[in-house]
Asker: 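Structure in structure tokens, see below.
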Amino acid sequence: MYLLLSMTMFAVGDTVKLKSGSPVMTVAEVEGDEVVCIWFDKSQQNKQRFPAATLIKNKPRTGSSTIVPIRPPSRHSY
């Protein structure tokens, strides 16, 4: 016998995707087992409510960051 607890594991500000695939969305609200997400498609903002069971947290990119040094301007004029 299994006991399924209803607990949303998302917080406002998390980035998520639909399990079936979607753009990266930001959690705007969490209401029980439903999550309100916002995302942009080109320049248009979208907002929709999804069942929490259909979402997964977006994994941040891993790997080393590339740091590019900023060089001071050259004192030589050409």
Side-chain angles (χ1 to χ4, degrees):
M1 179 176 182
Y2 295 96
L3 176 63
L4 181 61
L5 297 176
S6 175
M7 182 169 51
T8 305
M9 43 189 231
F10 302 108
V12 172
D14 285 348
T15 55
V16 298
K17 288 184 177 183
L18 287 170
K19 288 180 179 178
S20 60
S22 72
V24 175
M25 303 179 288
T26 302
V27 174
E29 300 173 40
V30 179
E31 298 175 352
D33 289 339
E34 294 187 323
V35 179
V36 178
C37 297
I38 57 173
W39 70 99
F40 284 89
D41 181 17
K42 298 183 184 176
S43 62
Q44 182 173 348
Q45 181 180 344
N46 299 286
K47 183 176 181 180
Q48 188 169 340
R49 181 180 310 270
F50 297 96
T54 64
L55 300 171
I56 56 173
K57 285 189 180 182
N58 184 48
K59 294 181 181 175
R61 294 181 185 176
T62 58
S64 61
S65 298
T66 302
I67 298 174
V68 179
I70 298 174
R71 295 183 183 160
S74 173
R75 296 180 191 218
H76 304 286
S77 59
Y78 294 99

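Values in this document were obtained by computation on a predicted structure and should not be read as measured data.
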Asker: CG/L55 to OG1/T15 distance, rounded to the nearest 0.5 angstrom?
Answerer: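 Here the rounded value is 11.5 Å.
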Asker: Please give me the minimum heavy-atom distance between P51 and T54, naming the atom from each residue.
Answerer: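 P51 and T54 have their closest heavy atoms at O-OG1, 2.7 Å.
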Asker: Taking side chain to side chain contact (heavy atoms under 4.5 Å, CB included) as the criterion, tell me which of I56, V24, V27 meets it with V16.
Answerer: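 Running side chain to side chain contact (heavy atoms under 4.5 Å, CB included) over I56, V24, V27 with V16 returns exactly one hit, V27.
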Asker: Can V36 be reached from W39 by stepping across I, L, V, M, F, W or Y side chains whose heavy atoms are under 4.5 Å apart?
Answerer: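 In one cluster: no.
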Asker: Could you see if M25 belongs to whatever hydrophobic cluster contains F10? Use Ile, Leu, Val, Met, Phe, Trp, Tyr and a side-chain cutoff under 4.5 Å.
Answerer: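 Linked within one cluster.
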Asker: By the salt bridge (charged side-chain N to carboxylate O under 4.0 Å, His left out) test, which pairs, at least two apart or in different chains, include something from residues 44-54?
Answerer: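 Listed by first then second residue: E29-K47, E31-R49, E34-R49.
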Asker: For residues 9-19, pull every pair meeting salt bridge (charged side-chain N to carboxylate O under 4.0 Å, His left out), keeping only residues two or more places apart or in separate chains.
Answerer: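 Qualifying pairs: D14-K57.
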Asker: Going by side-chain contact (heavy atoms from CB on, under 4.5 Å), name the residues that satisfy it together with Q45, two or more places apart in sequence or in a different chain.
Answerer: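 Counting only residues at least two positions away or on another chain, Q45 forms a side-chain contact (heavy atoms from CB on, under 4.5 Å) with I38, F40.
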Asker: How close do A52 and V35 get, heavy atom to heavy atom, and via which atoms?
Answerer: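 Smallest interatomic distance, heavy atoms only, reads CB-CG2, 4.0 Å.
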